[in-house]
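Chain identifiers are assigned alphabetically (A, B, ...) following the order of the sequence lines, protein sequences preceding nucleic acid strands; residue numbering begins at 1 within each chain.
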2 protein chains.
Amino acid sequence: MTTPRDRLLDAAGELFYREGVGVGVDALCKAAGVSKRSMYLLFESKDELIAASLDRRAPGHDAVLLPPDGGTPRERVLHVFRAQDDLTRQPTYRGCPMVATATELKDATHPANAVARRHKQALTDFFAAEARAAGVADPDTLAAQLTMVFDGAGARAVLRAEPLDGLGVATATALLDAAGLT
Amino acid sequence: MTTPRDRLLDAAGELFYREGVGVGVDALCKAAGVSKRSMYLLFESKDELIAASLDRRAPGHDAVLLPPDGGTPRERVLHVFRAQDDLTRQPTYRGCPMVATATELKDATHPANAVARRHKQALTDFFAAEARAAGVADPDTLAAQLTMVFDGAGARAVLRAEPLDGLGVATATALLDAAGLT
DNA sequence: CGCCGAGGAAACCGATCGGTCTACGGTCGG
DNA sequence: CCGACCGTAGACCGATCGGTTTCCTCGGCG
């Protein structure tokens, strides 16, 4: 049996991603099968719920993007971009949830923004660790560059409303080659 | 004397960028010094106004990003990323207006989405023209990659709420080098 | 059985949403 | 001096916003 809290977080994660954070609390509670009363007992405000739902999405997100154990650093990095490429083939793809939420909220002090920044940093850290393992000269710069390509690829897929078709993988490959990560 | 139409488009362009498309029509009209009645005589709906204001922003946007006449293709391409770097130093920077609006609207059929796609394509076309002038093997792919880096760099600046500090320029440089555009 | 807390349904709050409409103040050409 | 017209101010519409509150129905436990 799922708790009201879980149902709220799941419904929020899906609705906020699909329709934006402008979705009303009433619609959200109805989708979660939870009363507004319970929602406001579980969360201080809608803003807190946004942040919490974003946080909850992260593990699943990582599970899709990050590679399983094993493989060369190059393959492990490229796995992320291949997984993103697959995601953009789904018609429900609306870009990276972290980027989308931060973009919608504008306010840099919003609690959800800290969540987004933290999880985006985790992806950058993964790239940096692989680059370091491969002995790249400047792993942090390469990691930042790969993260930018990742988010730029997501933006492209959203704007054009079409799959990436290998463009993200190709760009990441070019950067890996340039950095000597073979 | 500015026309009500111009004032509306200017106010909409600034407010929608700074606070998002969720800004109300009342606040918008007050900022523009135009009555709601006039607004709805000039535009069919708020959605049309969003699209029109985005369209109006584009020339100024191009003027800031695109290089003046002259210079090598490489320098002309890098000028775009240097200009973007400067933009991210401003505390009012909220990312590329086209990307931000498309991200907020979700709906791919929204009139503003076509505007965003068109103007993003214009940037890609600029990159492709420079690449072609420099005799690059696959100018269209390079142009798409540069556009992704551009948007990824914008997303990074928004998420981290800090300037790019050369990261966009460095990444674009790496891609130019990789493509043999010296 | 009675009691109690958890939680759902829904009324309610003031504010605001996108959008329409009336009424009035200006500024023209005749 | 006069209508014709453009545009503003703002009331108004039903709906919805984030958030609070009241009421009532449960299930578990003594």
Enquirer: When you measure from the side chain of B:V25, which nucleotide among D:dT8, C:dG18, D:dC17 comes out closest?
Expert: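 Comparing D:dT8, C:dG18, D:dC17 against the side chain of B:V25, the answer is C:dG18.
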Enquirer: 5'-most contact on DNA chain C: B:V21 or B:S38, nearest heavy atom basis?
Expert: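 Result: B:V21.
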Enquirer: Which of these nucleotides, D:dG18, C:dG8, D:dG10, is closest to any side-chain atom of A:R7?
Expert: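 Output: C:dG8.
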Enquirer: Nearest 0.5 Å please: distance from the CG atom of B:L167 over to the CZ atom of B:R160.
Expert: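 Nearest 0.5 Å value for the CG-CZ distance: 8.5 Å.
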Enquirer: Let's see if you get this right: which residues in residues 46-57 of chain A place a heavy atom under 4.0 Å from DNA chain D?
Expert: A:K46
Enquirer: Would you indicate which nucleotide in D:dG19, C:dG7, C:dG19 comes nearest to any side-chain atom of A:K36?
Expert: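 Given the options D:dG19, C:dG7, C:dG19, the side chain of A:K36 is closest to D:dG19.
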Enquirer: Separation of B:L41 atom CG from D:dA9 atom P, in whole Å?
Expert: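 After rounding, the gap between these two atoms is 15 Å.
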Enquirer: May I have the distance from A:M39 (atom CE) to D:dG18 (atom P), rounded to whole angstrom?
Expert: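 Atom-to-atom, A:M39 to D:dG18, this comes out as 9 Å.
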Enquirer: Please state how far atom CG in B:L8 lies from atom P in C:dG19, giving the value in whole angstrom units.
Expert: 14 Å
Enquirer: Heavy-atom count around A:E44 CD within 6.0 Å, excluding the residue itself: above 12?
Expert: no
Enquirer: Whole angstroms only, please: what is the CG-P distance between B:L28 and C:dG19?
Expert: 12 Å
Enquirer: Return no unless some side-chain N or O of B:S35 is found under 4.0 Å from OP1 or OP2 of D:dA9.
Expert: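 No.
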Enquirer: Rounded to whole angstroms, how far apart are OH on B:Y40 and C1' on C:dC17?
Expert: 9 Å
Enquirer: Looking at A:D151 and B:R156, does any basic side-chain N land under 4.0 Å from a carboxylate oxygen?
Expert: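 No.
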Enquirer: Under a 4.0 Å threshold between the charged nitrogen and the carboxylate oxygen, would B:D86 count as salt-bridged to B:R89?
Expert: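 Salt bridge present between B:R89 and B:D86.
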Enquirer: Among the clusters formed by ILVMFWY side chains lying less than 4.5 Å apart, do A:L54 and A:V158 turn up in the same one?
Expert: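 Different clusters: A:L54 never reaches A:V158 through Ile, Leu, Val, Met, Phe, Trp or Tyr contacts under 4.5 Å.
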Enquirer: Not counting sequence neighbours, which residues clear salt bridge (Lys or Arg N to Asp or Glu O under 4.0 Å) with A:D107? List them please.
Expert: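 Listed in chain order: nothing, the list is empty.
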Enquirer: Separation of A:E44 atom CD from D:dG19 atom P, in whole Å?
Expert: 10 Å
Enquirer: Taking the six-membered ring where the residue is Trp, are the ring centres of B:F127 and B:F81 under 6.0 Å apart?
Expert: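 Judged by ring-centre distance (under 6.0 Å), B:F127 and B:F81 do meet the cut-off.
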Enquirer: Separation of B:L42 atom CG from D:dC6 atom P, in whole Å?
Expert: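 Those two atoms, CG and P, are 12 Å apart.
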Enquirer: In whole Å, what is the span from the CG atom of A:L15 to the P atom of D:dG18?
Expert: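 Going from A:L15 (CG) to D:dG18 (P), I get 12 Å.
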